[in-house]
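Numbers restart at 1 for each chain; the letters A, B, ... are given by sequence-line order, proteins then strands. Computed from heavy atoms alone, side chains included, the values below leave out hydrogens, waters and symmetry copies.
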2 protein chains.
Amino acid sequence: MKTIGKLAKALDLSVETIRFYERENLIKQPQKPLSGYRLYDDSIANQLQFICRAKALGFTLKEIASLMSMDGNCSKVESLGLQKLKIIQSKISDLKRLEKVIKEMTNSCKTNDDQSHCPIIASLK
Amino acid sequence: MKTIGKLAKALDLSVETIRFYERENLIKQPQKPLSGYRLYDDSIANQLQFICRAKALGFTLKEIASLMSMDGNCSKVESLGLQKLKIIQSKISDLKRLEKVIKEMTNSCKTNDDQSHCPIIASLK
DNA sequence: ATAAACTCCGTACATGGGTACGGGGTCAAT
DNA sequence: ATTGACCCCGTACCCATGTACGGAGTTTAT
């Protein structure tokens, strides 16, 4: 059983963040003995790790709450995953288009003699 | 000369957004005659269009303010562009990695018989 | 001349994901 | 027994980029 500070350190989160997740109902408040100090067992630590991993995959906290409540319903989870996949793929193609435009712009700077007239600025005007 | 509402319509921005950009010093407050109403000539309209285009390329408002003040210094603009390019490219590779992971996860759902045990949830645990 | 539509200003609210603060109580080490 | 480290709670604040509101003045159309 760990106090909130120990748990935070173990998971590389801040104490405030754990309290924040509790406020947002991502995790439950654990048992609190006389002292009033939260005491965590492994089950909440595991949930927090789940949250961190899902966050790293780009799920929002709301979606993570969803995911956790969908435990035991694989097709729901799958459809949330597929939805996320679509968003990710469309972001990728947006960014690739952008990459192309900005590349072209910076290239045109390279072949530009007149320092006081920038082709990037010009093309935005 | 256009009032703020006409200008907003012409640029497909909201009146509030134009006032916001003014507060943020992206554009100057135009002349205001007796009535107190802002009256815009083309120069500010052009600046707003510049802002919109730069925003579409993924520049933040702060960067756009920078860009506008860099007019006439091509190498500075170029380096801001290259910096943005790097950020975009690293976002793309992050997202591609994510895409891969989520694809694998959702695929494993497809070949999963047990609806009540989701491999996505399992892999996050 | 009256009503509708527009503008003014300042301020508060929204989103997402936290971070920081302040005044207290508690626990662990010396 | 004292000191320092830890924890409690509620609240306010941060970032970026706007959006919304409300009461008052102005312009425009009928």
Side-chain angles (χ1 to χ4, degrees), chain A residues 1-41 44-45 47-68 84 87-88 91, chain B residues 1-41 44-45 47-68 80 84 87-88 91 94:
Chain A
M1 301 289 266
K2 285 174 179 150
T3 61
I4 195 167
K6 298 273 161 63
L7 183 63
K9 195 158 278 179
L11 296 171
D12 201 25
L13 290 173
S14 86
V15 167
E16 306 294 340
T17 300
I18 295 176
R19 285 192 352 100
F20 173 70
Y21 289 165
E22 186 183 298
R23 280 203 297 285
E24 298 291 307
N25 295 314
L26 284 156
I27 53 174
K28 284 196 196 118
Q29 198 172 62
Q31 302 291 4
K32 290 197 278 183
L34 309 165
S35 71
Y37 284 18
R38 289 165 180 82
L39 275 184
Y40 294 92
D41 59 16
I44 293 187
Q47 283 174 39
L48 281 168
Q49 208 152 62
F50 180 99
I51 293 168
C52 293
R53 289 183 182 147
K55 241 168 64 67
L57 291 180
F59 290 93
T60 65
L61 296 185
K62 256 182 201 151
E63 289 167 337
I64 293 170
S66 248
L67 278 177
M68 300 205 297
K84 207 73 206 172
I87 292 171
I88 288 170
K91 270 189 193 164
Chain B
M1 301 289 265
K2 286 174 177 149
T3 59
I4 196 168
K6 298 272 163 64
L7 183 63
K9 195 158 276 181
L11 295 171
D12 200 25
L13 290 173
S14 85
V15 168
E16 306 294 340
T17 300
I18 295 176
R19 285 190 356 98
F20 172 71
Y21 288 165
E22 186 183 297
R23 279 203 299 286
E24 299 291 308
N25 295 312
L26 283 157
I27 55 174
K28 284 196 198 118
Q29 197 173 61
Q31 301 292 4
K32 289 198 277 184
L34 310 166
S35 71
Y37 284 17
R38 290 165 179 82
L39 276 183
Y40 293 92
D41 59 15
I44 293 187
Q47 282 173 41
L48 281 168
Q49 206 152 64
F50 180 99
I51 293 168
C52 293
R53 290 182 180 149
K55 240 167 63 66
L57 291 180
F59 290 94
T60 66
L61 296 184
K62 257 185 200 147
E63 288 166 339
I64 293 170
S66 243
L67 277 177
M68 300 205 296
L80 194 53
K84 208 73 207 171
I87 292 171
I88 289 169
K91 272 189 192 162
D94 284 355

OP1 or OP2 of dC8(C) versus the side-chain N and O atoms of Arg19(B): is any pair under 4.0 Å?
no
Ile27(A) atom CD1 is separated from dG18(C) atom P, nearest whole Å, by 12 Å
Taking only nitrogen or oxygen atoms into account, show me every contact under 3.5 Å that the protein makes with nucleotides 27-30 of chain D, one pair per line with its distance.
none

ask   = Which part of the nucleic acid does Arg38(B) contact within heavy-atom distance under 4.0 Å: base, sugar-phosphate only, or nothing?
value = sugar-phosphate
Check: Is there side-chain contact between Leu11(B) and Cys52(B), with at least one heavy-atom pair below 4.5 Å?
Finding: no
Q) Looking at Thr3(B), does any N or O in its side chain come under 4.0 Å of the phosphate oxygens OP1/OP2 on dT7(C)? A) yes
- Query: Within the pair Ser14(B) and dT19(D), is there a side-chain N or O less than 4.0 Å away from OP1 or OP2?
  - Reply: yes
Taking every heavy atom of Ile44(A) against every heavy atom of Pro30(A), the minimum-distance pair comes out as CD1-CB, 4.0 Å
Ranking Phe20(A) and Glu22(B) by the position along DNA chain C of their nearest nucleotide, the one closer to 5' is Glu22(B)
Please confirm whether the backbone N or O of Phe59(B) pairs with a side-chain atom of Lys84(B), one donor and one acceptor, at under 3.5 Å?
no
Are Gln31(A) and Asp41(A) close enough, and set up right, to give a side chain to side chain contact (heavy atoms under 4.5 Å, CB included), and what steps lead you there?
CA-CA 9 Å; Gln31(A) 302 291 4; Asp41(A) 59 16; over 6 Å; no
Judged by nearest nucleotide, the residue sitting upstream toward the 5' end of DNA chain D, Glu24(B) or Tyr40(A), is Tyr40(A)
Here the distance between atom P of dC6(D) and atom CD1 of Ile18(A), to the nearest Å, is 14 Å
Rounded to whole Å, the NZ-P distance (Lys6(A) to dC6(D)) equals 8 Å
Heavy-atom side-chain proximity of Ile64(A) to Leu61(A) below 4.5 angstrom = yes
Can you check whether Thr17(B) has a side-chain N or O nearer than 4.0 Å to OP1 or OP2 of dT19(D)?
-> yes
Between CD1 of Ile51(B) and P of dA16(D) the distance, given in whole Å, is 16 Å
Where do Arg19(B) and Arg38(B) land on the side chain to side chain contact (heavy atoms under 4.5 Å, CB included) test, with the steps shown first? CA-CA 10 Å; Arg19(B) 285 190 356 98; Arg38(B) 290 165 179 82; 3.8 Å; yes
Reckon Gln29(B) touches a base, only the sugar-phosphate, or nothing at all at heavy-atom distances under 4.0 Å? sugar-phosphate
Taken to the nearest 0.5 Å, the spacing of Lys2(A) NZ from Lys9(A) NZ works out to 12.5 Å
When rounded to whole Å, the NZ to C1' distance for the pair Lys62(B) and dC14(D) reads 11 Å
Describe the nucleic acid contact of Lys55(A) in one word from base, sugar-phosphate, nothing, applying a heavy-atom distance below 4.0 Å. sugar-phosphate
Please state whether the phosphate of dT17(D), meaning OP1 or OP2, lies under 4.0 angstrom from any side-chain nitrogen or oxygen of Tyr21(B).
-> no
Phe59(B) CZ to dT17(D) C1', in whole Å, measures 18 Å
Report task. Determine, stepwise, if the pair Ile27(B) / Ile18(B) fulfils side chain to side chain contact (heavy atoms under 4.5 Å, CB included). Result -> CA-CA 9 Å; Ile27(B) 55 174; Ile18(B) 295 176; 4.0 Å; yes
When rounded to whole Å, the CG to P distance for the pair Leu61(B) and dC15(D) reads 14 Å
Atom CD1 of Ile4(B) and atom C1' of dC9(C) are separated, to the nearest Å, by 12 Å
message = Under 4.0 Å from OP1 or OP2 of dC8(C): is there any side-chain N or O of Lys32(B) that close?
response = no
